[in-house]
Novice: 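Take a look at this one; I'll ask things after.
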Amino acid sequence: MTVPILNASGCLDALVAPEVARSLDAFVTKTVTPLPREGNPPPRIAETEHGMLNSIGLQNPGVDGFLEHHLPKLASLEVPIWVSVGGFSAGDFAQVCSALDSCDDVATVELNLSCPNVEEAPETSAELVAAARGATSKVLYAKLSPATSDVAESARAVADAGADGLSLVNTIRGLQLDADTLRPQIANGPGGYSGPALRPIALACVYACAAAVDLPIVGMGGVTCGRDALDLVSAGASAVALGTLLFSDPEAPARVRAELEAEVRRRGQGFAAGLRGAAHGSTMSRPASAE
Amino acid sequence: MPGSGLVLGRARRERLQVGESETVGPYTLLRLERGSLDPGIPGQFFMLEAPGRVLPRPMSLCQAPPGELAFLIEPVGPGTRALCALEERDAIHVLGPLGNGFDLDVERPLLVAGGIGIAPMPYLSDALGSPPAILGFRSERHAEAAVLLTDAEVVVEPRLVTELLPEDPGDVLACGPEPMLEAIRALVPRTQLAWEAPMACGYGACYGCVVEVDGHYERLCIAGPVLREAA
């Protein structure tokens, strides 16, 4: 079996680092909103003991700028392009999806329903997915937050609203104070927590959602090696995305892919066949394939 | 070729062995074998793996002796302390050179540095044929780092580097704390200032290190860290 390796949205600029983008099975863009955004004031990041916080605030050129200046260059990389879409209302999501609908260079649309660093849309995730579904026939992935009491319920709701897949998980809100001033290290206060600390949380979300819905899942959250990727696939992911890891190791996609293959090989052919969802034993039907 | 050959512009990523490090006042001069990494242009930086930490740390190159890369590090937090604690024959991943360095095509260069801002100056001074330099430190102990530059004028707080700026300073190439850079920018018409910002990646991926340039947030790792100004 082959497990596609992607980047997590906002963790790679393919135009600055094309070699890194080409080492992925698909490149996921930074979130695109209807209008250009400068993003949040610096400082925007802080390292923690077991992860990092970020509050970038969806800095992006807006959908028009993206289509005119970025997408043509991204297409020349010859890597499948997933466009992350964000907004502050169902209308925003529909507007960006509609603008992307006729772009052959866009393979998949990922809906960023869960950015912890900007104001949330008033509609539910299901309503945002429904609005996007009405605006595009592209493959639609819904990116969900782990900060919910029942992520499986969110998964069922977005599946019913027309999502074709799930991206699990986004960052979770955290805060860190400066040791001297006891003020937040990040200008905006809290930030999205990512890195190794997020790993068990992401794994639990993938595990719960794979049992709840029959959709392909891109698992992400704190992956640092092939074994971490193997865990996500065993929990039900059909693809794996790398986020914070790319900051410290731009060569990680090739390494994680090779380590994952070695992990699977070590366990034998019979294991590989039943790998996806293996953590569920015989209690669930096999989740659908990503491709 | 050691490493797996990732190329980001002229940057490469390799695991480099630690050589003999030196203590310079409160700072550590960390010496690494160069491997196949290019030392780059003075003012460019490298991302150094900080053992035990989630993120690497950006460091500008201090010296480039044959076969080596040397970085001056002030132990101010968990990452820099981990780097200063490295021992001979340890090895860390290094990515670089990254960003934009100093423009060396200047007629009358004057180097100005404050505190750990002295880090890129020895390599810069070599490249420019040892031009005059002004260094400022917050204590006599920190000022021991002045040995890294020959013939520099040195001030210790409460005196400031701006007190020693000549009336017509020519091209000022500076690195140091933000208030010092702002003061120089206000006093000097032609400057090249090396700024600092927290960085997660150093290669444009994270959007964490933005600074305001002409009313927009630009990633310092790509637009800088040296920003030029001519009045």
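We name chains A, B, ... by the order of the sequence lines, and we start the count at 1 in each one. The structure displayed is predicted, hence computed values, not measured ones.
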Novice: Checking L12(A) against chain B: side chain, backbone, both or neither under 4.5 Å from a heavy atom?
Specialist: both

Novice: Between chain B and each of E47(A), K30(A), R255(A), H50(A), count heavy-atom pairs under 4.5 Å; write down the option with the most.
Specialist: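 Going by pairs under 4.5 Å, I would pick E47(A).
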
Novice: Measure the acute angle between the ring planes of W82(A) and Y141(A), then classify it against the limits of 30° and 60° as parallel, tilted or perpendicular.
Specialist: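 It falls in the tilted class, 30° to 60°.
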
Novice: What residue among V226(B), L104(B), L227(B) forms side chain to side chain contact (heavy atoms under 4.5 Å, CB included) with Q192(B)?
Specialist: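 Passing option: V226(B).
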
Novice: Distance only, no hydrogens: is a donor on one side chain within 3.5 Å (strictly under) of an acceptor on the other, for Q185(A) and Q176(A)?
Specialist: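 Yes - a donor-acceptor pair under 3.5 Å links their side chains.
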
Novice: If you count heavy-atom pairs within less than 4.5 Å of chain B, which of D249(A), L15(A), T244(A) leads?
Specialist: D249(A)

Novice: Determine the option with the most heavy-atom pairs under 4.5 angstrom with chain A, choosing from C206(B), G204(B), G202(B), A197(B).
Specialist: C206(B)

Novice: Give a yes-or-no answer on whether the side chains of T29(A) and S84(A) include a donor-acceptor pair shorter than 3.5 Å.
Specialist: no

Novice: Less than 4.5 Å to any heavy atom of chain B: does that hold for the side chain of T224(A), its backbone, both, or neither?
Specialist: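 Contact with chain B: none, neither part.
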
Novice: Please look at A200(B) and chain A and tell me whether the side chain, the backbone, both or neither of the residue comes under 4.5 angstrom of a heavy atom of that chain.
Specialist: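 It is both, since atoms from each part get that close.
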
Novice: Within 45° of the six-membered ring axis of Y207(B) and under 6.0 Å from that ring's centre, is NZ or CZ of R44(A) located there?
Specialist: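 Ring-cation test returns no.
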
Novice: Please state whether the side chain, the backbone, both or neither of H93(B) comes within less than 4.5 Å of a heavy atom of chain A.
Specialist: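 Neither part.
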
Novice: Can you tell me which of M199(B), R57(B), M47(B) forms the most heavy-atom pairs within a distance under 4.5 Å of chain A?
Specialist: R57(B)

Novice: Could you check E251(A) against R13(B) for salt bridge (charged side-chain N to carboxylate O under 4.0 Å, His left out), going step by step and ending with a plain yes or no?
Specialist: CA-CA 8 Å; E251(A) 296 169 303; R13(B) 182 170 186 269; 2.9 Å; yes

Novice: Highest number of heavy-atom pairs under 4.5 Å with chain A: which of V211(B), I222(B), L55(B)?
Specialist: L55(B)

Novice: Is it the side chain or the backbone of E49(A) that comes within 4.5 Å of chain B heavy atoms, both, or neither?
Specialist: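 For E49(A), backbone and side chain are both near chain B.
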
Novice: Kindly indicate whether the side chain of C221(B), heavy atoms from C-beta on, has any atom under 4.5 Å from the side chain of F45(B).
Specialist: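 Contact flag for C221(B)/F45(B) side chains = yes.
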
Novice: Would you kindly say whether N170(A) and S145(A) are connected by a side-chain donor-acceptor distance under 3.5 Å?
Specialist: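 N170(A) vs S145(A): no donor-acceptor pair found between side chains.
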
Novice: Report which part of P41(A) has an atom under 4.5 Å of a heavy atom belonging to chain B: side chain, backbone, both, or neither.
Specialist: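 For P41(A), the contact with chain B is made by backbone and side chain together.
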
Novice: Heavy-atom distance under 4.5 Å to chain A: side chain of R53(B), backbone, both or neither?
Specialist: both

